[in-house]
Amino acid sequence: MADYPDSPDNHAVFDLATIAAAVDPQRLANDLATLAMIGARDDGGVARLALDDHDTRARLWLVEQARELGAQASVDAMGNVFLDLPGSDPGLAPVVTGSHLDSQPAGGKYDGALGVLAGLEALRALKAAGFTPRHPLSLVSWTNEEGARFSPGTSGSAVFCHVRSLEETRLIKDSEGMTMGHALDTCLAEMDAADVPRRPMSTPMHAFIELHIEQGPILEREGASVGVVEGIQGVSWFEVTVTGSANHAGTTPRAHRRDAFEGACAVATALREAARDNEDRVRFTIGKFDVSPGSVNTIPDRVTFSIDLRHPDAATLKAMETTFNDITQQTWAGCRVTLASLSRIEPVAFPDALTAQIDAAAGELGITAPRLVSGAFHDAIHLANYCPTAMLFVPCHHGLSHHPDEHTELDDAVVGTQLLAASLARLSR
């Protein structure tokens with residue numbers, strides 16, 4: 001784990017307040033408005049799916065900003081776009097910030113995009129304040145965080161961090177049968193045409209900080225403009241299959257039925273009850289429910305439903321998985337039940353040494369930044385096992401995200417950007 005000493009003997013003296021004051025609210029607002037026009041929907045939202053024409057245009061726009069900033073833009077084999085500013089010691093690994101530019105099909109203007117634009121504005125502020133970093137500074141826009149077009153998401157960061165292979169990722173297909181590799185090659189050809197150089201995959205990082213909207217109600221409820229994220233919940237996805245026997249709805253008495261829907265309702269209720277906790281930290285969601293054969297006058301013989309189970313503590317998550325397995329070993333309404341694991345990601349705790357630096361920057365700027373845990377996936381979940389990683393959250397109205405009405409107040413976005421810029425300065429000195 002990297003060390004981030006505070007000793008003035010080791011680092012040049014600098015004023016975080018000067019750096020924070022260099023963040024330009026109007027410039028950040030203009031960038032948000034400009035980027036929101038790329039893939040804009042009539043309802044005020046954004047549809048910028050990974051590697052579509054809008055996503056590629058957004059990348060090219062980001063490259064243009066790099067040139068104005070005096071940064072070097074480059075792209076790797078996964079389409080991850082980097083903007084690099086040199087440090088006084090070019091042999092050191094960079095301090096990196098960023099997020100993603102792709103959106104949901106009916107997404108908002110802030111999810112992912114704010115993290116990229118806040119990073120861009122933070123680099124501008126550091127340069128305007130005359131701050132010379134010892135470590136190089138980088139901004140990254142990761143490919144396909146959302147997974148709305150190519151599933152699963154967080155593709156760019158996962159491949160970068162050796163969680164998934166480039167070859168397997170390129171074979172993923174969208175709903176129209178196009179492979180991610182084909183879409184990626186089309187995007188990279190556009191980058192080549194714009195003279196954006198290629199860079200190696202999986203380059204070293206000294207630290208990574210991702211700013212993101214909270215996608216939850218905590219910061220808004222507490223009246224805080226920014227929060228320091230301690231970690232990301234672990235998640236297990238399951239598919240439950242309940243198998244019964246089809247028969248005529250009008251002639252089969254209940255005692256002779258093996259109704260898969262009745263069994264599914266019973267086992268789903270049992271699973272939900274097992275997930276209740278007094279602290280309200282467990283997140284249990286059934287998002288898909290499919291009944292077969294789907295006839296109004298036929299007793300269902302097969303029901304499948306999904307489970308999204310999340311918790312920030314690894315031991316608790318594991319214990320709940322064991323409980324779920326025990327529950328589904330039983331017979332429900334005379335029906336057999338199977339529980340299949342679809343995916344699992346361990347909880348992530350961000351290092352204290354890094355979050356302490358962010359706390360110290362907030363204290364120096366007089367910013368109140370409460371601690372909280374992320375309930376959603378982010379690219380940072382993969383970076384956390386690659387280099388020291390942390391996150392900042394800014395509030396979004398009513399905790400709403402993945403929706404055209406998603407909104408973050410500019411004042412909050414500015415405070416988050418100021419803390420990001422100050423944190424980058426502390427880490428890169």
Working for side chain to side chain contact (heavy atoms under 4.5 Å, CB included), residues Val242 and Trp332: CA-CA 8 Å; Val242 182; Trp332 295 87; 5.9 Å; no
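- Side-chain atoms of Asp379 and Thr154 include no donor-acceptor pair closer than 3.5 Å.
- Here the side chains of Ser138 and Met205 are not in contact, with every heavy-atom distance at 4.5 Å or above.
- In this pair, Phe261 and Phe289 present their aromatic rings perpendicular. The plane angle is above 60°, beyond the 30 to 60° band.
- Lys109 pairs in a side-chain contact (heavy atoms from CB on, under 4.5 Å) with only one of the listed residues (Leu117, Ile213, Leu114, Val46), which is Val46.
- For Asp174 (side chain) and Phe150 (main-chain N/O), no donor-acceptor pair under 3.5 Å exists by modelled atom type.
- Side-chain atoms of Glu210 come within 3.5 Å of backbone N or O of Ala380 as a donor-acceptor pair.
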Evaluation steps, side-chain hydrogen bond (donor to acceptor under 3.5 Å, both in side chains), between Arg310 and Thr285: CA-CA 9 Å; Arg310 306 189 188 208; Thr285 304; over 6 Å; no
side-chain hydrogen bond (donor to acceptor under 3.5 Å, both in side chains) evaluation trace for Asp102 with His100: CA-CA 6 Å; Asp102 64 308; His100 60 96; 3.1 Å; yes
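- At distances below 3.5 Å, at least one donor-acceptor pair connects side-chain atoms of Gln65 with backbone N or O atoms of Trp61.
- At least one donor-acceptor pair closer than 3.5 Å links the side chain of Glu121 to the backbone N or O of Asp24.
- Closest approach of Gly234 and Leu317 over heavy atoms only: C-CD2, 3.8 Å.
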Candidate pair Asp290 and Arg302, rule salt bridge (Lys or Arg N to Asp or Glu O under 4.0 Å), full reasoning: CA-CA 8 Å; Asp290 182 66; Arg302 181 183 175 89; over 6 Å; no
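- Remark: the backbone N or O of Phe160 is paired with a side-chain donor or acceptor of Ser202 at under 3.5 angstrom.
- With a 4.5 Å cut-off on side-chain heavy atoms, Arg344 and Glu321 count as touching.
- Using a 3.5 Å distance cut-off with no hydrogens or angles, the side chains of His212 and Asp111 do pair a donor with an acceptor.
- His162 NE2: more than 12 foreign heavy atoms inside a 6.0 Å radius.
- Defined by atom type and a distance below 3.5 Å, a donor-acceptor pair is missing between the side-chain atoms of His311 and Asp313.
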Met391 and Leu383: CA distance, side-chain angles, deciding distance, side chain to side chain contact (heavy atoms under 4.5 Å, CB included) verdict: CA-CA 11 Å; Met391 291 191 73; Leu383 273 296; over 6 Å; no
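- Pairing each heavy atom of Leu35 with each of Ala113, the nearest pair is CD2-CB, 3.7 Å.
- When atom types are taken as modelled, the side chain of Arg48 and the backbone of Ile38 share a donor-acceptor pair closer than 3.5 angstrom.
- A pairwise comparison of heavy atoms in Leu62 and Ser141 identifies CD2-CB, 3.9 Å as the closest pair.
- Between Met78 and Leu184, some side-chain heavy-atom pair lies under the 4.5 Å cut-off.
- Between the side chain of Thr18 and the backbone N or O of Ala129 there is no donor-acceptor pair closer than 3.5 Å.
- When side chains are defined from C-beta on, Asp412 does not count as touching Cys396, because their heavy atoms never get closer than 4.5 Å.
- Annotation for Gly416 and Val394: closest pair CA-CG1, 3.8 Å, computed over non-hydrogen atoms.
- When each of Arg429, His206, Arg426, Arg134 is tested with Val95 by the rule side-chain contact (heavy atoms from CB on, under 4.5 Å), just one qualifies, namely His206.
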Thr355/Glu230 under side chain to side chain contact (heavy atoms under 4.5 Å, CB included): CA gap, chis, key distance, verdict: CA-CA 7 Å; Thr355 53; Glu230 294 180 316; 5.8 Å; no
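- The shortest side-chain heavy-atom distance between His402 and Glu146 falls under the 4.5 Å cut-off.
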Arg221/Ile218 under side chain to side chain contact (heavy atoms under 4.5 Å, CB included): CA gap, chis, key distance, verdict: CA-CA 5 Å; Arg221 186 176 63 213; Ile218 295 174; 3.7 Å; yes
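- Between Asn144 and Leu51 there is no side-chain heavy-atom pair separated by less than 4.5 Å.
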Verdict with supporting geometry, Arg57 and Asp53, salt bridge (Lys or Arg N to Asp or Glu O under 4.0 Å): CA-CA 6 Å; Arg57 283 177 54 206; Asp53 290 342; over 6 Å; no
Residues Asn30, Gln26; criterion side-chain hydrogen bond (donor to acceptor under 3.5 Å, both in side chains); working and verdict: CA-CA 6 Å; Asn30 291 343; Gln26 190 58 54; 2.9 Å; yes
Full working for salt bridge (Lys or Arg N to Asp or Glu O under 4.0 Å) between Arg124 and Asp31: CA-CA 13 Å; Arg124 290 168 174 159; Asp31 285 348; 2.6 Å; yes
Full working for salt bridge (Lys or Arg N to Asp or Glu O under 4.0 Å) between Asp84 and Arg199: CA-CA 11 Å; Asp84 299 314; Arg199 65 184 285 133; 2.8 Å; yes
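- The number of heavy-atom neighbours closer than 6.0 Å to CD of Glu273, taken from other residues, nucleotides and ligands shown, is above 12.
- Inter-residue side-chain proximity for Phe131 and Ser428 is flagged as met; some heavy-atom pair is nearer than 4.5 Å.
- Across Val229, Thr97, Ile358, a single residue satisfies side-chain contact (heavy atoms from CB on, under 4.5 Å) together with Leu392, and that is Ile358.
- Contact annotation: the side chain of Thr316 never approaches that of Asp277 to less than 4.5 Å [non-hydrogen atoms, C-beta and beyond].
- Although no hydrogens or angles enter the test, the distance criterion places no donor-acceptor pair under 3.5 Å between the side chain of Ser157 and the main chain of His382.
- Side chain of Trp142 to main chain of His378: no donor-acceptor pair is present (N/O by atom type, distance under 3.5 Å, no hydrogens or angles).
- The 12-atom threshold is not exceeded at CE of Met37, counting heavy atoms of other residues, nucleotides or ligands nearer than 6.0 Å.
- Counted within 6.0 Å of CZ on Arg336, heavy atoms from surrounding residues, nucleotides or ligands total 12 or fewer; the atom is thus considered open.
- A donor-acceptor contact shorter than 3.5 Å is absent between the side chain of Glu346 and the backbone of Ala314.
- Across all their heavy atoms, Arg281 and Pro312 have their closest contact at NH2-CG, 3.1 Å.
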